[in-house]
**Q** 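The structure that follows is given in the form of structure tokens.
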Amino acid sequence: MTILRLPGIKKGGTGLDAHLNTKTYESCMRSCSFELFAGSLITGDGEVKENIHIGVTDGVITEISENPLKREYPEAYDFSMKTVMPGLIDAHVHIRYDPSGDPEQQSHEYQALRGTENARKALYSGVTSLGDAGAVGNVAFAVRNAVNNGVTVGPRLFVSGEMITITGGRSKTPGERLEVNGADSAREAARRLLMYHNADYIKLGATGAISSAHTGPRHPQLTVDEMNACCEEAHNCGKLVHSHCYGEKGISNSLEAGCDVIVHGQTLTDAHIDYMRKNDLILMPTLKAFCGHLDHVGEGGTHDRIVSTGIWEETEPNFRRAHKAGLTIAMGTDAGMPDDHFGDNYRDLEYMVEWGMTPMEAVQAGTLNAAKSLAVEDNVGTIGVGKRADLIVLGRNPLDDIRNIGKSLEEVILNGVFIEK
Ligand SMILES: [Zn+2]
């Protein structure tokens, strides 16, 4: 049958409809209603179904059944030879960064402009939601708001704003990060982000970082009290807290403080894993940041910004152990870091499979689990009645080979709108 297309969004085009984005998360301004028939449907929560009819009304999935196409909708799409799954959710990126340059040398305005391009690249590769886990100033909020207002096209953006750190904990330039000292100061910083900027989540620096040469990645930074104050404020607003940590002590502090998502987390102990499993907490191992980078070591270039500390070497055994123990693991590429680009975000899932996950588990990490890590699973991350129609259509089934997400992507649908590159 002929596939009818909705008017698409042309690359670089203007006048984009606001319903593409989070602003119209709750409502769709114009008709984005259609039906499709999927040969294979991966729901995102571990199920796969064959020969399924889906109806979408105003950007929301309104019916799922075993019927053929009904011809009752404005548009009909026959994907009987294809696989339909939820759009990917990459819950940890740095939209402002250029993976091949030094962002500290560039103005905030320049970084925001580049952020819009990074967002677009991610969308075109099948990512329908992004989490920005730490920018400077208002850069990431500006990108989010530009997307929301239809100034530029991009995935739904969930933004933490500036990362909260100890004084000098990340940058040696005073004021480059949201620096706090003491629980009151941390609480105020969290309130500023949540109240003034409507931050979608809070990002904390519980240890030093391999990308901040003057810090020790294994050294703890924010205290339990400081982080606990931030957790209280975020949780009061129904939002989650992501904690950047490499070293064991930083992970312990984060868990004691009440953080919801452990980011990187290379030194998980059995006790950490046990606690996280019992409390439904999430690990975001950011494999693409480490593997993508290692792929380029020895070629010269941007990896000089990174200090090797043995953290990389711990990534694989740590991931395998966490996965084996049944920890909830979510996609987060850290895209923007050196040699970690936008536009191949799906590689994160390929590394997960390489290191022991089944393709179905990896798909769930990149959909439902990532949605949970941003507390948006009621709206996105799975295919079900009442969920937003954020979908991708693949020529080949990723359950046969996870690389089929990257290799056979045919359509990206955001909020019921087919995106045209
Ligand atoms: Zn990061």
Side-chain angles (χ1 to χ4, degrees), residues 9-18 20-25 89-125 127-165 170-171 173-179 189 192-203 205 211-212 242 244 289 302 305 332-345 374 414 419 421:
I9 306 301
K10 298 292 180 198
K11 191 170 189 177
T14 55
L16 305 170
D17 293 302
L20 279 170
N21 47 54
T22 50
K23 182 182 179 187
T24 51
Y25 206 35
I89 300 176
D90 184 348
H92 185 116
V93 302
H94 299 280
I95 204 94
R96 74 187 181 110
Y97 281 141
D98 171 1
S100 55
D102 185 354
E104 310 296 340
Q105 303 303 320
Q106 294 155 352
S107 70
H108 289 187
E109 293 84 351
Y110 184 89
Q111 293 180 37
L113 287 168
R114 189 177 43 228
T116 62
E117 182 59 16
N118 284 339
R120 193 171 11 216
K121 279 185 192 161
L123 178 64
Y124 292 164
S125 71
V127 176
T128 50
S129 291
L130 279 179
D132 188 277
V136 288
N138 292 328
V139 167
F141 291 124
V143 178
R144 178 190 69 180
N145 299 346
V147 171
N148 287 356
N149 292 327
V151 174
T152 184
V153 64
R156 298 176 196 281
L157 270 153
F158 302 97
V159 169
S160 69
E162 287 190 281
M163 181 177 183
I164 298 176
T165 76
R170 187 50 58 89
S171 172
T173 309
E176 262 274 322
R177 295 293 189 282
L178 212 43
E179 298 176 337
R192 282 181 185 279
L193 291 169
L194 293 162
M195 296 297 147
Y196 290 150
H197 298 289
N198 190 25
D200 300 294
Y201 62 109
I202 294 293
K203 169 82 182 299
S211 53
S212 301
H242 291 207
H244 157 106
T302 57
R305 278 175 52 209
T333 59
D334 226 342
M337 295 304 285
D339 299 318
D340 187 358
H341 295 258
F342 287 83
D344 63 352
N345 307 59
L374 297 167
L414 176 60
I419 301 298
K421 295 184 190 178

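Everything numeric in this text was worked out from a predicted model, so none of it was measured.
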**Q** One pair to check against side-chain contact (heavy atoms from CB on, under 4.5 Å): V151 and T116. What are the steps and the verdict?
**A** CA-CA 9 Å; V151 174; T116 62; over 6 Å; no
**Q** Checking H92 now: which residues fulfil ring pair (Phe, Tyr, Trp, His ring centres under 6.0 Å) with it, not counting sequence neighbours?
**A**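 With neighbours one apart ignored, the set is H94, H264.
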**Q** Walk me through whether L374 and D200 qualify under side-chain contact (heavy atoms from CB on, under 4.5 Å).
**A** CA-CA 8 Å; L374 297 167; D200 300 294; over 6 Å; no
**Q** List the atom of V159, the atom of A140, and the distance in Å for their closest heavy-atom pair.
**A**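 Looks like CG1-CB, 3.5 Å.
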**Q** So does R170 get a backbone contact from the side chain of S212, meaning a donor-acceptor N/O pair under 3.5 Å?
**A**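 Flag set: sc S212 to bb R170 pair under 3.5 Å.
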**Q** Mind listing the closest non-hydrogen atom pair of R177 and S171 along with its distance?
**A**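 Closest approach of R177 to S171, heavy atoms only: NH1-CB, 4.0 Å.
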**Q** Please name the pair of heavy atoms, one in L193 and one in G161, separated by the smallest distance, quoted to 0.1 Å.
**A**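 Of all heavy-atom pairs spanning L193 and G161, the closest is CD2-CA, 4.3 Å.
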**Q** Any chance you could measure L113, atom CG, to H108, atom NE2, to the nearest 0.5 Å?
**A**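 Here the interatomic distance stands at 13.0 Å.
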**Q** Which residues satisfy the side-chain contact (heavy atoms from CB on, under 4.5 Å) test with Y110, sequence neighbours excluded?
**A**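 Scan of Y110 (side-chain contact (heavy atoms from CB on, under 4.5 Å), adjacent residues dropped) gives Q106, S107, R114.
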**Q** List the residues meeting side-chain contact (heavy atoms from CB on, under 4.5 Å) with S160, not counting sequence neighbours, and say none if there are none.
**A**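 Partners of S160 by the side-chain contact (heavy atoms from CB on, under 4.5 Å) criterion, ordered by chain and then number, come out as Y201, K203.
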**Q** When rounded to the nearest 0.5 angstrom, what is the spacing between CZ in R144 and CD1 in I95?
**A**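 One gets 12.5 Å once the value is rounded to the nearest 0.5 Å.
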**Q** Could you measure the distance from the CG atom of L130 to the CZ atom of F158? Nearest 0.5 Å is fine.
**A**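 If we round to the nearest 0.5 Å, L130:CG and F158:CZ are 9.5 Å apart.
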**Q** With rounding to the nearest 0.5 Å, note down the distance linking CG in D98 to CE in M337.
**A**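 If I round to the nearest 0.5 Å, the distance is 12.5 Å.
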**Q** Who passes side-chain contact (heavy atoms from CB on, under 4.5 Å) against A189, sequence neighbours left out?
**A**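 A189: side-chain contact (heavy atoms from CB on, under 4.5 Å) contacts with I164, L178, V180.
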**Q** If I compare all heavy atoms of A122 with all of S125, which pair ends up nearest, and what's the gap?
**A**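 It is O-OG, 2.8 Å.
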**Q** Using a 4.5 Å cut-off on heavy atoms from C-beta on, say whether the side chain of R156 contacts that of L414.
**A**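 When only atoms from C-beta onward are counted, R156 and L414 do touch, with a gap below 4.5 Å.
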**Q** What pair of heavy atoms forms the shortest contact from Q111 to V136, and how long is it?
**A**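 It is OE1-CG2, 3.8 Å.
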**Q** When you compare the side chain of Y124 with that of V153, does any pair of heavy atoms fall below 4.5 Å?
**A**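 Yes - at least one pair of side-chain heavy atoms lies under 4.5 Å apart.
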**Q** What residues form a salt bridge (charged side-chain N to carboxylate O under 4.0 Å, His left out) with D334, not counting sequence neighbours?
**A**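 Applying salt bridge (charged side-chain N to carboxylate O under 4.0 Å, His left out) to D334 gives none.
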**Q** Kindly write out the residues that satisfy side-chain hydrogen bond (donor to acceptor under 3.5 Å, both in side chains) with D344, not counting sequence neighbours, or none if the list is empty.
**A**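 With neighbours one apart ignored, the set is K288.
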**Q** Between N118 and Y97, is there a donor-acceptor pair closer than 3.5 Å when you use the side chain of the first and the backbone of the second?
**A**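 A pair under 3.5 Å: yes.
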**Q** Sequence neighbours left out, what passes ring pair (Phe, Tyr, Trp, His ring centres under 6.0 Å) with F342? Give chain and number order.
**A**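 Expected list: none.
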**Q** Name all residues meeting the side-chain hydrogen bond (donor to acceptor under 3.5 Å, both in side chains) criterion together with D90; count only those two or more places apart in sequence or in a different chain, and write none if there are none.
**A**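 D90 satisfies side-chain hydrogen bond (donor to acceptor under 3.5 Å, both in side chains) with T333, N345 only.
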